Amino acid sequence: MMIELNKDNYDAEVKEVQGAVVVDFWSPKCDPCMALLPFVEKLAEELEGKVKFCKVNSMQNRRLSIKEKVLGLPTILFYKDGEKVAELTKEDATEENIKAEIAKL
Amino acid sequence: MANYQHDLVIIGGGPGGLAAAIYGARSKISTVVIEKASPGGQIATTAEWENYPGTPSTSGPEEMKGWVKHAEKFGAEFVKDEVVNIIDQGETKLVVGKNNTFEAKVVIVSVGAEPRVLGVPGEYELRGKGVSYCATCDADFFEELDVVVVGSGDQAIEEGMYITKFAETVTVIVLHEEGTLDCTPVLKERAFSNPKMKWVWNSTVNAIKGDGIVEEVELRNIKTGELSTIEANGIFFFVGMIPQTDWLKGIIDMDDRGYIIANELCETNVDGIYAVGDARQKFLRQVVTAAADGAIAATAAEKFIHEEEGFKDMVINQKVPVIVSFWNPTKPETMDLNTQLEAALEQFGDKIKFVKIDTYRNLRISRKCEVKDIPTVVFYKDGQIVDRLDLKVEVDQVVEKIKGLL
């Protein structure tokens, strides 16, 4: 299960959380995002209880995305204890790289 | 890790690969498409598409979903994987992916191209932070903001106009003199009458600056060398494409820019490997030409498979000597010769086999047997050519040679 984020719950669900959080910025118009999302959703199921997975529909949350300095899709942010520790964007946002970053968390 | 076995393995699910899948699967050869991301190719990043015949207005992602369905309807399979090698095993090819292997009788390489990176300071660091190569992915972010587009080809101008639907202004950075664009005239006319499009001539991008996100673009006038800065929140690069063929070095022949060299039948220098679409050396890289390549390659592949298998059964795997007579219907004398040979060779009964091959229908086999003109008769023993007669073929000569082989 991935938690849907917006400007009202982003801080509470991500920045004020102890442990590992992964945030997937996506949009229904972005083909690479749509290709990647099922993989991330599967990972979320596999790692349930260990890593928290969230997603942001950037088109409905433009200001939030820009505030988090996300201006391109797909972008995956990795947080640990509320701190952003890594980021994968565009062609770097591959299944392998995502797994590798999660392993580091 | 799975091992797949197919007649036809297509590497890449863009328009070239999908057209090949449609033609291949429809001709009843087992077909798989390997795609590392989602099928559709570069056109799936284009929102407005208006030059595919019969389809004056559509969107790339939508249209390509239809192509995938079309291929699936005829039985093509799709597997998500990234191919890293092709090993020529003689009769088959082994296509090696990161997660699976695929054994194929014929391989069609449809790997396409990706946007070229200019490599200016800030470009890499600010990817996803305002630097983009995909308008459909990112244009929405820039509602009421100012955007720079680099390039003046069809893609740059088309995508630039698409971005004007969201952005306040789209400033196009053009290398050429004022008024000169690389795109087609119809686009140029439309772009010049779009009030949101601004133009900077004789210029290129020198650097992209910003604290975490794009804030400024530094331009350089190529005539005066003068530097100037414009404020922008986004910058889209459309400065050409790079074929995705690095991994194919040493496997098939390419030119020094990395484009695969293939002939009119889309054949590469390796028997049984074909190349289609944007990764190929060609005059025009468009969906319509990629699709045409795909149709040609799949049809050639289907013939390849059937010719190879037929020839193997009838000639290569025979235990007795095989006399192969090449003919075609435009040369009646070759047909007469066949009739005479059939009569004369009856005396040998089952000790030999006589096979007629129409050079029009069997281009590959004819080429393999180095048939330059007809009539030509080639003598096979234990799967090898042991003798031949070119052009001047006398029935008596054939009979004599057979006696020598028995």
Side-chain angles (χ1 to χ4, degrees), chain A residues 6-7 15 22-43 46 55-79 83-101, chain B residues 13-14 35-47 59-65 68 78 80-82 98-99 114-115 117 123-145 147 162 166 210-215 232-236 244:
Chain A
N6 53 50
K7 66 178 190 313
K15 293 186 175 173
V22 176
V23 187
D24 183 335
F25 286 79
W26 68 289
S27 128
K29 275 196 190 171
C30 158
D31 245 39
C33 303
M34 298 310 285
L36 192 64
L37 201 54
F39 166 78
V40 180
E41 279 168 344
K42 210 177 99 214
L43 265 188
E46 285 171 15
K55 56 183 175 182
V56 178
N57 181 335
S58 289
M59 290 312 118
Q60 289 168 3
N61 296 283
R62 269 196 206 101
R63 275 174 205 284
L64 170 64
S65 302
I66 293 170
K67 188 171 153 252
E68 299 307 321
K69 305 210 161 174
V70 173
L71 270 148
L73 298 178
T75 291
I76 317 278
L77 303 184
F78 301 84
Y79 286 84
E83 288 288 316
K84 188 170 90 179
V85 290
E87 172 168 357
L88 291 170
T89 188
K90 297 284 172 183
E91 58 271 27
D92 289 338
T94 63
E95 299 185 0
E96 284 157 27
N97 290 350
I98 292 170
K99 276 188 180 169
E101 286 300 339
Chain B
E35 166 61 49
K36 66 177 173 179
S38 59
Q42 287 167 62
I43 192 68
T45 66
T46 297
S59 92
E62 271 316 300
E63 185 70 21
M64 295 325 285
K65 276 179 199 137
V68 172
F78 286 81
K80 190 171 179 173
D81 201 349
E82 184 175 347
K98 283 189 173 164
N99 301 313
E114 276 180 13
V117 168
E123 183 180 357
Y124 182 81
E125 295 77 6
L126 293 168
R127 274 175 328 148
K129 308 285 173 195
V131 173
S132 181
Y133 307 85
C134 173
T136 46
C137 300
D138 302 331
D140 300 46
F141 279 115
F142 301 99
E143 202 152 310
E144 293 174 17
L145 299 177
V147 168
Y162 171 71
F166 308 92
D211 178 20
I213 53 174
V214 172
E215 288 161 354
N233 311 98
I235 176 165
F236 287 77
Q244 297 303 295

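A note on names: the letters A, B, ... follow the listed sequences, proteins ahead of strands, and every chain is numbered from 1. Source: prediction; values computed, not measured.
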**Q** Look up atom CG in B:Leu126 and atom OG1 in A:Thr89, then write down how far apart they are to the nearest 0.5 Å.
**A** 11.0 Å
**Q** Of all of A:Asp31, A:Ile66, A:Thr75, which one pairs up most often with chain B through heavy atoms under 4.5 Å apart?
**A** A:Asp31
**Q** Does a sphere of radius 6.0 Å around CD in A:Glu83 hold more than 12 heavy atoms from other residues, nucleotides or ligands, not counting ones at 6.0 Å or beyond?
**A** no
**Q** Take a 6.0 Å sphere around NZ of A:Lys15 and say whether it holds more than 12 heavy atoms from other residues, nucleotides or ligands.
**A** yes
**Q** Search all heavy atoms of B:Phe141 against all heavy atoms of A:Gly72 and return the closest pair with its distance.
**A** CE1-N, 3.6 Å
**Q** About how many Å separate CG of B:Asn99 and CD of A:Glu96, when rounded to the nearest 0.5 Å?
**A** 7.5 Å
**Q** Looking only at heavy atoms and a cut-off of under 4.5 Å, which of B:Lys129, B:Glu82, B:Met64 has the most pairs with chain A?
**A** B:Lys129
**Q** CD of B:Glu143 to CE of A:Met59: how many Å apart, nearest 0.5 Å?
**A** 9.5 Å
**Q** Could you check whether any side-chain N or O of A:Lys69 sits under 3.5 Å from a backbone N or O of B:Asp211, counting only pairs where one atom can act as donor and the other as acceptor?
**A** yes
**Q** So, do A:Lys90 and B:Val131 sit near enough that their side-chain heavy atoms are less than 4.5 Å apart?
**A** no
**Q** Minimum heavy-atom separation for A:Ala35 and B:Ala37, please, with both atom names.
**A** CB-C, 4.3 Å
**Q** Under 4.0 Å between a side-chain nitrogen and a carboxylate oxygen: does that hold for B:Glu144 and A:Arg62?
**A** no
**Q** Answer whether the closest heavy-atom distance between the side chains of A:Lys29 and B:Pro61 falls below 4.5 Å.
**A** no
**Q** Let me confirm one number: the SG-CG distance from A:Cys30 to B:Asp140, rounded to the nearest 0.5 Å.
**A** 10.0 Å
**Q** Under a 4.0 Å N-O cut-off, is there an ion pair linking B:Lys98 with A:Glu95?
**A** no
**Q** Is chain A contacted by the side chain of B:Phe166, its backbone, both, or neither, given a heavy-atom distance below 4.5 Å?
**A** side chain
**Q** If every non-hydrogen atom of B:Ile213 is compared with every non-hydrogen atom of A:Leu71, which pair is closest and at what distance?
**A** CG2-CD1, 3.4 Å
